[in-house]
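Worksheet for the structure shown next.
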Protein chains: 2
Amino acid sequence: MKKYLEILKKCPLFYQIEDENLLRMLGCLDAKVETFDKKYTIFAEGYPAKYIGIVLSGSVQVVQVDYYGNRSILSILNASQVFAEAFACAEVCSLPVSVVANDPCEVMLIDCSHVLHTCSNHCDFHQQLIFNLMKDMASKTIMFHQRIEVTSKRTTREKLMAYLALQAKEHDSNSFDIPFDRQELADYLEVDRSGLSAEIGKMKKEGMIETQKNHFRLL
Amino acid sequence: MKKYLEILKKCPLFYQIEDENLLRMLGCLDAKVETFDKKYTIFAEGYPAKYIGIVLSGSVQVVQVDYYGNRSILSILNASQVFAEAFACAEVCSLPVSVVANDPCEVMLIDCSHVLHTCSNHCDFHQQLIFNLMKDMASKTIMFHQRIEVTSKRTTREKLMAYLALQAKEHDSNSFDIPFDRQELADYLEVDRSGLSAEIGKMKKEGMIETQKNHFRLL
DNA sequence: CTCCTTTTGTTGAAAATTCAACAGACATTT
DNA sequence: AAATGTCTGTTGAATTTTCAACAAAAGGAG
């Protein structure tokens, strides 16, 4: 586990837990590391949620696919970020989302029953872990609200602008890469891909933005 | 506080906390009770999040209003349910939502700094509170996913059907009341009100549903 | 009961999205 | 270098939503 220490130290779950305690805790939690190819489904919709995931390298997508096959992308998570924590903590018997490898990636899996049910009174680190989990879910909720702010707009152009404005704010720059190709961006914004392409074209002509591939610049 | 005990015992924040401990804790947390008229804005978008709210009587709406005045309703919360917990816990300096009284209502407000920063190592109930807060946020995240499942549909009819199907499941019956009038339902589903009315009319004619005011029946 | 306000249903026209199909650009593999 | 597959932009037609305006219905206050 030592090779992942630098990544794990940045993980919000382990905030304010010392290195040696962190390593001991991982043993106590029976943490496992697994490797996945790009596009591999790490957790599948409909299955029970048992594990909390932590991205160690690469990135993952959290997606919802409905009855007709329409995909919604809910989030992209990079190294040291956590996924499926809410479902694991709520102990749901059917995941409402899938988690898919966005690149070849390594993931740490922690059986959530160890987090919720074991030794919760004995171990000090454990209390800190619960606290960190709560903080993490709070910030995830805020991420959700940002996404809703974007997707609640009624037109493709408004959604795109809301998204780009948010990205610009996060990158603290008018020039940035987005983590999506066109189809993925459409599935994040919940619009039609071809309509999105057309809209991007129009906005370029109107001098609102410049793009090349994943790179966007607001003007 | 005693008069609210029965409501508070059902509140997920106080799960597995004994009555006398609960009352003592409320003192320790400096909990206050306030009363609001219908439509009063309890928390306003843009202000710092300081308090966790608990509905004691009546109900509240959590809403997002964008630059152009378009309203999105995110959730309706009834007695013993919690609101603004995620923003309080994340200590955001600008609330991304407003909370509005849906009826005349009583609300308990708890300064979240008391929850997060004080006596977290001394008091046993406090550890339970943090744990409950984590559980509560996990279940809120699941509610969010349900809403996304509804609003990610592309047509008014699909959104409405997805919503009604979910309600039927929750009520365990094909016949139920919804907590919205038509405008509010439109703002929850993120569609146009007049289009929604028209769609409901069509679905009645096609024999898919029956309605009278807030009451719906799936056929 | 009557007046007044709010809510709901209806309509038609304008605007936007979706859908399917295709062609060019690009990257990768053989 | 050729072949293959994926991604992107473009188009036009069909569908759907939005918008504004109005009328009918329901509810509340006096």
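Naming: A, B, ... by sequence-line order, numbering from 1 per chain. Because the structure is predicted, anything quoted here is derived from the model rather than measured.
Checking A/Glu106 against A/Tyr4 by side-chain atom types alone, a donor-acceptor pair falls below 3.5 Å.
Rounded to whole angstrom, the span from the CZ atom of A/Arg193 across to the P atom of C/dC22 amounts to 14 Å. Rounding to whole angstrom units, CG of residue A/Asp192 and P of D/dG9 are separated by 13 Å. If you take CG of A/Asn214 and P of D/dC7, they are 12 Å apart, rounded to a whole angstrom. Rounded to whole Å, the distance from CD on B/Gln183 to C1' on D/dA20 is 14 Å. Here the P atom of nucleotide D/dT18 and the CG atom of B/Asp187 are 11 Å apart, to the nearest Å. As rounded to whole Å, 8 Å separates atom P of D/dC19 from atom CD of A/Glu158. D/dT17 atom P lies 14 Å from atom CD of B/Glu190, rounded to whole Å. In this structure, the CD1 atom of A/Ile200 is 13 Å from the C1' atom of D/dC7, given to the nearest Å.
Between A/Glu206 and A/Arg157 a salt bridge is recorded (basic side-chain N to carboxylate O distance below 4.0 Å). Electrostatic pairing of B/Lys135 and A/Glu91 counts as a salt bridge here, judged by a charged N lying under 4.0 Å from a carboxylate O.
Considering only side-chain N and O atoms, B/Thr155 lies nowhere under 4.0 angstrom from the phosphate OP1 or OP2 of D/dT16. For B/Lys213 and D/dA25, the shortest distance from a side-chain N or O to OP1 or OP2 is not below 4.0 Å.
Proximity of the aromatic rings of A/Phe83 and A/Phe43 is defined here by a centroid distance below 6.0 angstrom, and this criterion is met.
Nearer the 5' end of DNA chain C, as judged by each residue's closest nucleotide, is the contact made by B/Glu184, out of B/Glu184 and A/Gly195. Comparing A/Arg157 and B/Lys204 by the nucleotide of DNA chain C whose heavy atom lies nearest to each, the residue mapping closer to the 5' end is B/Lys204. Annotation: of the two residues near DNA chain D, A/Arg182 and B/Asn70, the 5′-most nearest-nucleotide partner is A/Arg182.
Using a 4.0 Å heavy-atom distance criterion, B/Thr156 is classed as a sugar-phosphate-only contact. A/Ser197 comes within 4.0 angstrom of a nucleotide base, judged by non-hydrogen atoms across all strands. Among the atoms of the strands shown, only primed sugar atoms or phosphate atoms (P, OP1, OP2) are found under 4.0 Å from some heavy atom of B/Arg154.
If you run side chain to side chain donor-acceptor pair (under 3.5 Å) between B/Glu184 and each of B/Arg71, B/Gln61, B/Arg193, only B/Gln61 comes through.
Closest to the side chain of B/Glu199, out of C/dT8, D/dT17, D/dA20, is D/dT17. For A/Ala198, the listed nucleotide lying nearest its side chain is D/dT11; candidates were D/dC19, C/dT8, D/dT11.
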